[in-house]
Amino acid sequence: MAKPLFQAPKGTRDIFAPESGRQSALISAFADAATSAGYGQIITPMFEDLGVFKRLGEATDVVTKEMYDFETRDGKTVALRPELTASVVRAFVQHRPGVPWKAWYEGPQFRYERPQAGRYRQFTQVGVEALGTDDPHIDVEVIALAWRFYETLGLRHVRLLLNSLGDPECRPAYFAALTDYLTGRRGELTEQSQATLDINPLRVLDSKREPDQAVIAEAPLMVDHLTDEAGAHFTAVCEGLQALGIPYEISPRLVRGLDYYVKTTFEFAGDSLSAAQNALGGGGRYDGLAEQLGGPPTPGIGFALGIERILMACDAEGVFPGPDQQPQVFVIDVTGGEEALVVTDLLRQGGIRVDRAWDGRNMRSQMKVADRSGAALAVLIGEDELADGVVTVRDLRGDAGQVRIDRASLVDIITTRLEDPAADSVPTGEPS
RNA sequence: GUGGCCGUAGCUCAGUCCGGUAGAGCCCCGCGUUGUGGUCGCGGUUGUCGCGGGUUCGAAUCCCGUCGGUCACCCCA
């Protein structure tokens, strides 16, 4: 294939209908779910001061290796957002809405990575953030919102993985214990894990490399080192989920990729996808983030769900086909096209999805286009109809045949027939 | 950043090992039916064989380089 002069940048895609409509519908479904739970939409800029994202943790790949950062003409350094929690918390700190403050969002995010299945340089997430309360029941609300959303889409093979990463009081002690343990068995770890150990020992627990597993299996666990307060919070979250009948698995080695998480952390694994892209979404509590961004100490929790991954899971499970976007009616006019212009407009005003053919092609050609369009009904206008002031309505999908109707009742009859193809018609079989 | 695989028509691909001057199916267009689609039949349009260089009488095919795509590792959504 000859290469086009330009193509979409690496890791980005052009999304055509009907897939684009399916994506919009997914976001719309999420908007409904979030709105009904009392979350208001927030729209933040696609880029931020680089410093906003540096707070995510100097040890994270997202910050150190994957940032789309650049200098602007006036010498400031900005970055395309690699995630949205930092942007939303920055907006919270800047504008100080009353708490508790609950917001939802959707939009593209950017990470400079090598693309692969289910991973793009520009990808889209939906999510929520709730700031200003550390009531464990809001953790439950947030998790439940995501869980019910997956259910709404029809996904059944999703697992909720739950963990607590402790709080600033118990974390240092655990951190030290884990570091001691891993350092003691350093020689058994893979080269990559040894490097990770020097940067963030917690992340070693997340290694999927086989040689590391024996060491990880015996590593001390955060859940065994929680303070009374952090433990009580975790217990309350678990009990809340049980009260709602939402199944979860305690996953004591679940570590998230961003350093700001404390206490409750969770991930949703799509079991219909391979491990490389089965992370359908995740989130957790980030009680220190607002303060790091220059605001007052404010607890917060949220999640982000990747819509590309969710749609892959929907494909794998055969659910969420997306909305009907095909025309319902196709207008055929072999008298020159003036009639099609008017009739198409009339039907559209009646709230019907309508398309038509162009270039004055013959009826055979126009019928082919009508058939391919997916429309259920064709409206035919030839010289006879024009002379009699009527149109012919033809069923393209069933055996309801065709009928000539008065143009004045066109919208009513079409609307009725779209609901019941056999209504108002006398089957005429094949055209005479 | 590392590695595997792949770049031939609008799409999916064969042809590459063993060099001889480019094919199939689908799609699209027309006709059979100058007022009727889906099935069928007939006919037709479409290629810098990713790009550059080398070897050769001759390269889609062999060699070198390069770009792109894809998958995986890593990490993550």
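First the proteins, then the strands, lettered A, B, ... as listed; each starts at 1.
- In this structure, A:Thr124 reaches neither bases nor backbone, as no heavy-atom distance under 4.0 Å exists between it and the strands shown.
- Here A:Gly118 lies in heavy-atom contact (under 4.0 Å) with a base.
- For the P atoms, the distance from B:G37 to B:C51 is 43 Å, rounded to whole Å.
- Proximity note for A:Asn362 (side chain, C-beta onward) versus B:C75, B:G37, B:C31: the nearest is B:C31.
- Both distances falling under 3.5 Å, in either a Watson-Crick or a G-U wobble arrangement, occur for no nucleotide opposite B:U46.
- Using a 4.0 Å heavy-atom criterion, one finds that A:Leu396 contacts the bases of the nucleic acid, with or without backbone contacts as well.
- Panel note: side chain A:Asp355, backbone A:Phe330; no donor-acceptor pair is recorded below 3.5 Å.
- Neither OP1 nor OP2 of B:G37 sits under 4.0 Å from any side-chain N or O of A:Ser365.
- Nucleic acid contact for A:Gly382: base, since at least one base atom lies under 4.0 Å from a heavy atom of the residue.
- If A:Arg114 and A:Phe123 are placed on RNA chain B by their nearest nucleotide, the residue sitting closer to the 5' end is A:Arg114.
- Between A:Gln116 and B:U70, a side-chain N or O to OP1/OP2 separation shorter than 4.0 Å is absent.
- Partners of A:His225 by ring-ring contact (aromatic ring centres under 6.0 Å, His included), not counting sequence neighbours, listed by chain and number: A:Tyr174.
- Residue A:Arg361 is classed as a sugar-phosphate contact, given heavy-atom separations below 4.0 Å to backbone atoms only.
- Using modelled atom types, one finds a donor on one side chain and an acceptor on the other under 3.5 Å when comparing A:Glu141 with A:Tyr39.
- Side-chain atoms of A:Ser409 do not come within 3.5 Å of backbone N or O of A:Asp412 as any donor-acceptor pair.
- Counting any heavy atom pair closer than 4.0 Å across all strands shown, A:Gln109 reaches no nucleic acid atom.
- Of the C1' atoms belonging to B:G58 and B:G65, the separation is 23 Å, rounded to the nearest Å.
- Counting non-hydrogen atoms under 4.0 angstrom, A:Ala117 reaches the backbone sugars and phosphates but no base.
- Rounded to a whole angstrom, the distance from the C1' atom of B:U46 to that of B:C26 is 14 Å.
- Under the 3.5 Å distance criterion, the side-chain polar atoms of A:Gln328 are matched with a main-chain donor or acceptor of A:Arg353.
- Both A:Arg309 and A:Glu385 sit near RNA chain B, but only A:Glu385 has its closest nucleotide nearer the 5' end.
- A donor atom on one side chain and an acceptor atom on the other are not found under 3.5 Å apart for A:Asp32 and A:Thr35.
- One P atom belongs to B:G47, the other to B:G4, and the distance between them is 35 Å to the nearest Å.
- For A:Lys10, the side-chain atoms get nearest to B:G69 when compared with the rest of B:C71, B:G69, B:G38.
- Going from the C1' atom of B:C42 to that of B:U56 covers 44 Å, rounded to whole Å.
- A sub-4.0 Å separation between OP1 or OP2 of B:U36 and a side-chain N or O of A:Gln366 is absent.
- At the heavy-atom level, A:Gln122 lies nowhere under 4.0 Å from the strands shown.
- The aromatic rings of A:Phe268 and A:Trp147 lie tilted to each other, with the angle between the two planes from 30° to 60°.
- Panel note: side chain A:Glu48, backbone A:Arg81; no donor-acceptor pair is recorded below 3.5 Å.
- Side chain of A:Arg364, nearest nucleotide from B:A77, B:C76, B:C31: B:C31.
- Residues from residues 312-328 of chain A placing a heavy atom under 4.0 Å of any atom in RNA chain B do not occur.
- Note on A:Asp384: a base of the nucleic acid sits closer than 4.0 angstrom, heavy atoms only.
- Contacts of A:Ile310 with the nucleic acid, taken as non-hydrogen atoms under 4.0 Å apart, are absent.
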